[in-house]
Amino acid sequence: MSRRSVLTGLGGLALAGALAACGGDTGRGGSAGDLRVWFHQYGEEGAPEALARYAADYPRGGVRVSSFPGDYDQKVSSALISGDGPDVFEFANGPTIDMIAAGQVADLTDLLGDARSDFTPALLDRMTHGGRVYGIPQVTDMQLLVYRKSMLAQAGVVPPRTLDELVSAARALNRGTVKGLFLGNNGGADVLGGVLLWSSGHDYLTPDREPGFVDEEVAAGLRTMRSLFTSGDLLLGAPQDWPDPGAFIAGQTAMQWTGLWALPAIRAALGDDVGVRPFPAIGTNGGTSVPFGAYGAAVNAHGDVERAKKFVQWLWVERTDLQLDWAQGYGLHVPARRSLVPQATHLATGLFNEAADLVNTVGHPQTPLLWTPRSATAYRDALDRVIRGGAEPMTELRGVASVVEKELERFPN
């Protein structure tokens, strides 16, 4: 599975079991005085070795890198609460608002210096609270729709620009053994939470910190997703879920929602017979959209803070050569620093450039910082009840809003 498969678009929730097939050490061993640095288990070839190499190259030495399979997010959260957490750890889209509010993570604002303006603003804002930075973006990842040009041409289908066109395209492309569309084995319920809002002209939260999704246009989009789920035009029950391009490469589906990380394997297998699109517009006020996010390096406020901050600054602020290597040497990702994007030669031309440009043109940070895990769970479960279970959308959205409002009360302005 991709090293970015935990970025599901629902707020830092791990894709259950996505990383369980990979091994990793326990985070112990090594010298007692070593700086402990945690990552989730990476699947791309060469990625674990690269992290070990970065640590070995650190001039001050004494850095021990550990990677963990399974539910990495829960492991980090539990370790921080128990007092046995690492000194440095990565976390999807940066540390949570609960970690910040509880004083579990250190303020990293002073590490950035003049480089602050070079980081993609939306990424850095997602890791900032009260003007203080609590995570340093490591790399940018995004999700997108891929399609087989030849299959669309044979069926007389144009790449979909609206949700209605996507539904019609899936029907026209359905050939029984080859389904029209793959949105994941849950029909998109666990991955499309953000785009179903943005593409209808709405968002998780309004600028004045109110639920921004209780709207009939959002409900109408969910009804369409329910109809799509029951249409027979979706691929369901694939051996690998949406982050993996295996079903698309094997010709089991003409279109698939996946991520930028999958494009090198897709291109290697299918050549030029591949196009990319954002998620289509919904209703009259919406527009196309894609989610993007980043793992952020954070420092345990109860660990070896000063040594940890120096290592984070060295790797994720000063060593732009290693940041560029991390972005394009092990899978395909967009550098978190804007000055490095022109140097990312793998993104410079063709399909890869077209895909990466969607971040700048129609991209949205996956979730706001105040979208807590409890809010994310409530929303994900509501989408599942609507899309897979046929529940009434407006009733479900209002139920989510009540959970979100209570969560927001925990973090006054």
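- Within the structure, ring pair (Phe, Tyr, Trp, His ring centres under 6.0 Å) contacts touching residues 262-285 (residues at least two apart or in different chains) are Trp257-Phe279.
- Salt-bridge annotation for Arg209 and Glu405: absent, with no side-chain N of the basic residue lying under 4.0 Å from a carboxylate O of the acidic one.
- Applying the salt bridge (Lys or Arg N to Asp or Glu O under 4.0 Å) rule to pairs touching residues 280-293 yields nothing, sequence neighbours excluded.
- When all heavy atoms are compared, the tightest approach of Arg307 to Asp34 is NH2-C, 4.3 Å.
- In this structure, a donor-acceptor pair under 3.5 Å is absent between the side chains of Asp141 and Trp261.
- Summarising the geometry of Ser77 relative to Phe91, their closest heavy-atom pair is OG-CZ, 4.2 Å, with the distance given to 0.1 Å.
- Counting all heavy atoms, side chain and backbone alike, Pro59 lies closest to Trp314 at CD-NE1, 3.5 Å.
- In this structure a side-chain-to-backbone donor-acceptor pair under 3.5 Å is present from Ser231 to Leu228.
- A salt bridge does not link Arg398 to Glu392: none of the charged side-chain nitrogens sits closer than 4.0 Å to a carboxylate oxygen.
- In summary, the side chains of Asp164 and Thr162 do not present any donor paired with an acceptor at a separation below 3.5 Å, with no hydrogens or angles considered.
- In this model, no donor atom of one side chain and acceptor atom of the other lie less than 3.5 Å apart for Asn93 and Tyr295.
- His333 places no side-chain N or O within donor-acceptor distance of the main-chain N or O of Val139, the cut-off being under 3.5 Å.
- A donor-acceptor contact closer than 3.5 angstrom is absent between the side chains of Arg277 and Thr288.
- For the pair Arg36 and Asp87, the salt-bridge criterion is not met [side-chain N within less than 4.0 Å of a carboxylate O].
- The backbone N or O of Ser375 sits less than 3.5 Å from a side-chain atom of Thr372, completing a donor-acceptor pair.
- Formation of a donor-acceptor pair under 3.5 Å by the Arg385 side chain with backbone atoms of Gly389 is not found in this model.
- Counting only N and O atoms by type, the side chains of Gln74 and Ser78 include a donor and acceptor under 3.5 Å apart.
- Under a 4.0 Å N-O distance rule, the pair Asp304/Lys310 does not qualify as a salt bridge.
- The structure places CH2 of Trp38 at 11.5 Å from OG of Ser67, a figure rounded to the nearest 0.5 Å.
- Residues Thr96 and Asp98 bring no donor and acceptor atom of their side chains to less than 3.5 Å of each other.
- Checked against a 6.0 Å centroid threshold, the rings of Tyr58 and Phe311 count as neighbours.
- Side-chain atoms of Lys75 do not come within 3.5 Å of backbone N or O of His40 as any donor-acceptor pair.
- The one candidate from Val290, Thr258, Leu166 that meets the side chain to side chain contact (heavy atoms under 4.5 Å, CB included) condition with Leu145 is Leu166.
- No close placement of the Trp242 and Phe182 rings is indicated, their centers lying 6.0 Å or farther apart.
- A salt bridge is defined here as a Lys NZ or Arg NE, NH1 or NH2 lying under 4.0 Å from an Asp or Glu carboxylate O, and Lys149 with Asp273 fails to meet this definition.
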From CA spacing to verdict: side-chain contact (heavy atoms from CB on, under 4.5 Å), Val312, Val317: CA-CA 7 Å; Val312 169; Val317 179; 5.8 Å; no
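- Between Leu181 and Ala170 the shortest heavy-atom distance is CB-CB, 4.0 Å.
- Proximity of a side-chain donor or acceptor of Asn185 to a complementary backbone N or O of Gly237 within less than 3.5 Å is detected.
- Taking the six-membered ring wherever Trp is involved, the centroid distance between the rings of Trp326 and Tyr42 falls below 6.0 Å.
- Between Asn285 and Glu217, the shortest heavy-atom contact is ND2-OE2, 3.3 Å.
- Of the options Asp114, Asp321, Asp118, a salt bridge (Lys or Arg N to Asp or Glu O under 4.0 Å) to Arg337 is made by Asp118 and by none of the others.
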